[in-house]
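Inspection log for the structure reproduced underneath, given as structure tokens.
Because only heavy atoms are used, hydrogens play no part in the values below, and waters and symmetry mates are left out as well, while side chains stay in. Both ligands and their constituent atoms are indexed starting at 1 by order of listing.
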Amino acid sequence: MFEISSTGGLLSRVLQVAPVTAESDKPLPLPERQRTDESLQVERDIADAAVLKREQVEAVADAQLQRTRDATDLTKEVERHEIDSTPAPEVAVERSLEDERLRKERAAADEVLATERLERKQSMADFLAVEREATDQDLIEERKRADTVIAARDEFLATVSHELRSYLSSLALSAQLLHKEAPTGPEGESARRHANTSRRLVTRMNRLINDLLDIGSIEAGKLSMVKREVDLSQLVTETLESFATIAQAAGVSLTAKKAAPLLAMVDPDRVLQVLANLVANAIKFTPKGGHVEVRCVRAQNEARLEVSDSGIGIPPESLTGIFARFRQVTQDRRGLGLGLHISKNIVEAHGGKLWAESTVKVGSTFIVVIPLTC
Ligand code: ADP
């Protein structure tokens, strides 16, 4: 049987073209690319199986032909025996010559058939090998081009966001000065209010820039992560500290229940980003007088971080959809619907899970599960 050039070597070369992570510089196959490679492999396996099946059909046909020939020979022998069981020497020679002729005819026919089959198999193997090589090459080129475009886009985004951030920090500084230099008392009230609004808008614009950069990285499969062993309950404490004033201003109580140190290999800034997103949402969607609680417990060899609120809740049909990009239950101009999508990707990049449980008008709980190191 012919060896049809397999796909493994080339396909693995195709995978090498996938983008690299900022952390490891190792090729990281994107899920879509992996799926394309898998379906290509399935298609090739089907083609190989069809070639194999054809060979099996030919073997069955050969066996059938041999049986027909054996039966013909037997019939001829019986007929000869009936005509003349002890033939004269010249008849015997005649019969033997006739048998020899038939044997040669059959051998020649077999040879023609075998050559035909051989040529067909060879050309099929050549065709598949050439065709596969061409497909793999196209795929490699296409992925290289896509990566170049992504790299150019990333560079552009990085430059623009750098510029925007420096304008925003100047703006934040001006707002701070405006607030500081405003006359004390009612005279400066309006200036202080405008300065505060400007500062809030600067914070929101900064968050938006970061979110858009993160979305770009997620799509390119290179969300940066710098992991180290961290106590997750410490991260919960930090989150609560940074949201204490915001919760107070919103009239929402913010409390925590924490277990003993929970050590995990995580990127602490990324986990803080997830907790900040969940706590900010919980405060945002909880009416005045409500409460938000962050719990942090051990569940076997995993940490379970829960952010619960007594807010407006989420209808059951939206519980999974809210984790998609730009998805909001009802349009909310305070956000873009990116935070949960980014958070889910961050948690999954840590080998964990993030999901929501909720009852409308009662409240919601967002649950993060992350594997612990010990
Ligand atoms: P956004 O910045 O718009 O809040 P998110 O991705 O963080 O984006 O959240 C997506 C949507 O999920 C929100 O707009 C809101 O509709 C819903 N949501 C998130 N958290 C809560 C919560 N704690 N209570 C009710 N709805 C929530």
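For atom 4 (O) of ligand 1, the closest non-hydrogen atom of the protein is Lys284 NZ, 3.0 Å. Nearest protein heavy-atom contact of atom 2 (O) of ligand 1 is Gly335 CA, 3.4 Å. Nearest protein neighbour of atom 7 (O) of ligand 1, counting heavy atoms only, is Asn281 ND2, 2.8 Å. From the protein, the heavy atom lying nearest to atom 12 (O) of ligand 1 is Ile322 CG2, 3.4 Å. Atom 23 (N) of ligand 1 has its closest protein heavy atom at Asp309 OD2, 2.9 Å. Of all protein heavy atoms, the one closest to atom 10 (C) of ligand 1 is Arg327 O, 3.2 Å. The protein non-hydrogen atom at the shortest distance from atom 1 (P) of ligand 1 is Gly337 N, 3.6 Å. Taking atom 26 (N) of ligand 1 as the reference point, the nearest protein heavy-atom neighbour is Ile314 CG1, 3.4 Å.
Asn196 and Arg199 are linked by a side-chain donor-acceptor pair at a separation below 3.5 angstrom, with hydrogens and angles left out of the test. Residues Asp267 and Gln273 have side chains that never bring a donor and an acceptor to within less than 3.5 angstrom of each other. Counting only N and O atoms by type, the side chains of Thr373 and Glu229 include a donor and acceptor under 3.5 Å apart. With no hydrogens or angles considered, no side-chain donor-acceptor pair links Asp37 and Gln41 at under 3.5 Å.
No donor-acceptor pair closer than 3.5 Å links the side chain of Ser96 to the backbone N or O of Ala92. Side chain of Ser318 to backbone of Ile314: no donor-acceptor contact under 3.5 angstrom is found.
For ligand 1, the polar-atom distance check against Gly339 finds a nitrogen or oxygen pair separated by under 3.5 Å. Residue-to-ligand polar distances place Val329 within reach of ligand 1: an N/O pair is separated by less than 3.5 Å. The distance criterion of under 3.5 Å between nitrogen or oxygen atoms is not met by His341 with respect to ligand 1. Below 3.5 Å of separation, one finds no N or O of Asp332 facing any N or O of ligand 1. Checked against a 3.5 angstrom limit, the closest N/O atoms of Leu340 and ligand 1 fall inside it. Where the criterion is an N or O separation shorter than 3.5 Å, residue side chain and backbone included, Gln328 meets it with respect to ligand 1. Between Phe285 and ligand 1, no pair of N/O atoms sits closer than 3.5 Å.
Residue Asn277 touches ligand 1 through its side chain alone, judged by heavy-atom distances below 4.0 Å. Contacts between Phe323 and ligand 1 below 4.0 angstrom, taking non-hydrogen atoms only, are absent altogether. Contact annotation for Val307 and ligand 1: no heavy atom of the residue comes within less than 4.0 Å of the ligand. Residue contacts with ligand 1 for Arg207 involve side-chain atoms from C-beta outward but no N, CA, C or O (heavy atoms, distance under 4.0 Å).
For Arg295, the salt bridge (charged side-chain N to carboxylate O under 4.0 Å, His left out) partners are Glu293, Glu306, not counting sequence neighbours.
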Distance-only donor-acceptor pairs under 3.5 Å for side chains of residues 274-292, two or more places apart:
from: Asn277; atom 1: OD1; to: Ser343; atom 2: OG; distance (Å): 3.1
from: Thr286; atom 1: OG1; to: Ala282; atom 2: O; distance (Å): 2.5

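The pair Arg54-Glu58 meets the salt-bridge criterion, since a charged nitrogen lies less than 4.0 angstrom from a carboxylate oxygen. For Arg103 and Asp110, the salt-bridge test fails: no basic side-chain N is under 4.0 Å from an acidic carboxylate O.
Close approach of ligand 1 to Ser364 is summarised as follows: ligand atoms under 4.0 Å from at least one heavy atom of the residue are 24 (N). Set against the non-hydrogen atoms of Leu338, the atoms of ligand 1 under 4.0 Å away are 6 (O), 8 (O). For ligand 1 and Phe366, the ligand atoms under 4.0 Å from any heavy atom of the residue are 19 (C), 20 (N), 21 (C), 22 (C), 23 (N).
Annotation: the span from Asn210 atom CG to Leu338 atom CG amounts to 11.5 Å, rounded to 0.5 Å.
Summarising the geometry of Ser358 relative to Gly313, their closest heavy-atom pair is OG-CA, 3.3 Å, with the distance given to 0.1 Å. Considering every non-hydrogen atom in both Pro183 and Arg192, the closest pair reads O-NH1, 3.0 Å.
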